[in-house]
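Just so we're on the same page: letters track the sequence lines, and every chain starts at 1.
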Number of protein chains: 2
Amino acid sequence: MIKPKQKRTLETRAKLIAQAKACIQEAGYEALRVEDVVAGAGVAKGTFFAHFRDKDALMEILIGAEMDALLDQAAAGAGPTDVEQIISRLHPLHSFVTCERYVFDLILRYSGAAAVAEIGPIAMTFGRYIELVTGWMPLGDYRKDVSADLLAEGVQAFAVQAMALQFCALHQTQRFDKRFARYLKAWLAPVS
Amino acid sequence: MIKPKQKRTLETRAKLIAQAKACIQEAGYEALRVEDVVAGAGVAKGTFFAHFRDKDALMEILIGAEMDALLDQAAAGAGPTDVEQIISRLHPLHSFVTCERYVFDLILRYSGAAAVAEIGPIAMTFGRYIELVTGWMPLGDYRKDVSADLLAEGVQAFAVQAMALQFCALHQTQRFDKRFARYLKAWLAPVS
DNA sequence: TAGGTAAAGTGACCGTGGTCAATATAAAAT
DNA sequence: ATTTTATATTGACCACGGTCACTTTACCTA
């Protein structure tokens with residue numbers, strides 16, 4: 001997949017991705033079937049797996065691209081200067097991550113790379129997330145006794161926790177943003 | 001599954017669970033095949049699904065039981081009074097949760113219940129974890145500006161984050177316990 | 001003890017992700 | 001133009017989780 005030489009290869013790959021997007025548009029991520037994608041793209045099943053290691057690899061590409069775009073959006077303009085602003089800036093991204101249970105689970109599963117050579121699109125976005133939030137840390141009145149990087153890791157950990165509880169009926173009395181705000185206010189509060 | 005009446009039912013269920021444990025003992029959780037379990041238990045495949053909604057439901061029972069036993073162990077005796085003690089007390093549990101990538105992913109997937117009626121064994125253990133840690137909060141010199149319950153939720157969030165990074169080659173320079181300690185020291189530090 | 005009925009068990013079958021030896025096509029060499 | 005070689009494509013096939021109409025068994029009642 002690193003350097004496809006033939007034009008045909010690129011065309012086939014584009015057809016597969018376009019058809020996958022169309023399927024998802026119609027019925028969501030979880031409902032995606034490899035057989036539908038290849039049928040719609042007019043290629044054989046084996047071709048799919050010549051282009052993508054497995055179904056999840058395609059999902060990673062599609063979901064990773066979406067997350068990347070949302071990260072770009074979050075990174076645009078001047079950084080947020082307080083907790084509320086951080087939360088609303090990240091809202092579109094968190095909203096996408098929790099759009100489907102299936103999507104959330106898949107993202108978590110691929111959020112870490114098993115090896116340096118295996119850093120996939122989703123693992124990349126988790127790195128970007130940390131970088132982005134780290135850059136925001138000097139902009140507000142947050143605690144200074146720990147590094148910006150550690151603070152950012154905590155923000156990510158709390159975001160994941162709040163999103164996970166979003167899917168949990170037992171805890172849905174609190175909306176995601178409200179719970180996340182409670183976490184961040186406690187985590188980022190300046191040590192007086 | 002709520003009140004099995006016939007003795008036969010209980011026997012079959014016991015055979016299935018025993019065989020599943022044997023399979024896992026031999027090759028780990030991920031390698032478990034329903035076909036092997038039913039073959040070993042001497043029943044038909046359909047019988048398996050009459051006893052368990054799906055394969056994951058059996059996994060939940062087995063993994064949940066293991067986690068419950070480890071929580072009992074962590075809860076025994078006087079509570080830990082500092083971060084290092086908290087970490088070593090939870091070590092056996094965290095160690096089991098990360099014993100296999102497959103196990104970790106499954107636990108995360110079932111850590112929240114979609115509905116009150118669906119609280120499974122694993123979702124229960126996440127509740128117990130919070131309760132346990134909440135009870136430990138008054139025992140040490142931790143911050144008092146947020147509730148013990150919120151602190152416990154944070155401990156859980158950081159534990160999950162540290163475990164997730166455990167599977168990530170990029171971050172394996174730090175061992176789980178060390179990373180978790182870094183998180184907890186920052187999270188639980190008393191506001192001076 | 002026989003007959004009836006509800007519960008438990010069966011296994012052929014299906015859906016879907018994934019494989020691979022064979023084939024077709026494009027690019028390079030002659 | 002023809003042959004050779006590398007690359008892309010094919011589709012029959014497999015593995016494995018899960019289903020369901022049917023059969024068997026256990027228990028209850030007369």
- request: Please confirm whether B:R143 makes a cation-pi placement over B:W187, using NZ or CZ under 6.0 Å from the six-membered ring centre and within 45° of the ring normal.
  value: yes
query: In chain order, what residues pass the side chain to side chain donor-acceptor pair (under 3.5 Å) check against B:K178, with sequence neighbours excluded?
result: none
task: Round to the nearest Å and state the distance from B:F52 atom CZ to D:dT19 atom P.
output: 15 Å
field: side chain to side chain donor-acceptor pair (under 3.5 Å) involving A:D68 - partner list, sequence neighbours excluded
entry: A:R128
Sequence-distant partners of B:S95, side chain to side chain contact (heavy atoms under 4.5 Å, CB included), two or more places apart: B:H91
Every protein N/O lying under 3.5 Å from an N/O of nucleotides 14-18 of chain D:
unit_1: D:dC16; atom_1: OP1; unit_2: B:R33; atom_2: NE; d: 3.0
unit_1: D:dG17; atom_1: OP1; unit_2: B:K55; atom_2: NZ; d: 3.0
unit_1: D:dG17; atom_1: OP2; unit_2: B:V34; atom_2: N; d: 3.1
unit_1: D:dG17; atom_1: N7; unit_2: B:K45; atom_2: NZ; d: 2.9
unit_1: D:dG18; atom_1: OP2; unit_2: B:K55; atom_2: N; d: 2.7
unit_1: D:dG18; atom_1: O6; unit_2: B:K45; atom_2: NZ; d: 3.1

statement: Under a 4.0 Å heavy-atom criterion, the protein footprint on nucleotides 24-29 of chain D, written with B, S and -, is -BS---
field: Residue B:K144 excluded, over 12 heavy atoms near NZ under 6.0 Å
entry: yes
query: Can you find a side chain N or O atom of A:T12 that sits less than 4.0 Å from OP1 or OP2 on D:dA8?
result: no
task: Just say parallel, tilted or perpendicular for the rings of B:Y129 and B:H94, cut-offs at 30° and 60°.
output: tilted
message: Please confirm whether the shortest side-chain N or O distance from B:H51 to OP1 or OP2 of C:dG9 is below 4.0 Å.
response: yes
- request: Compare side-chain N and O positions of B:T47 against OP1 and OP2 of C:dA8 and report whether any pair is under 4.0 Å apart.
  value: no
- request: For B:I24, check side chain to side chain contact (heavy atoms under 4.5 Å, CB included) against everything at least two apart and list the hits.
  value: B:Y29, B:L32, B:L62
message: As a test of reading the structure: which of C:dG9, D:dG11, D:dT9 is closest to the side chain of A:A44, going by heavy atoms?
response: D:dG11
message: Output the rounded distance in Å from CG (A:L16) to P (D:dA8).
response: 13 Å
message: A side-chain contact here means heavy atoms from C-beta on lying under 4.5 Å apart; do A:E60 and A:F52 qualify?
response: no
- prompt: Rounded to the Å, how far apart are A:R13 CZ and D:dT9 P?
  reply: 12 Å
message: For the aromatic rings, using the six-membered ring if either is Trp, is the centroid distance between A:F180 and A:F158 under 6.0 Å?
response: no
- prompt: Starting at CD of A:E30 and ending at P of C:dT16, how long is that distance when rounded to a whole Å?
  reply: 12 Å
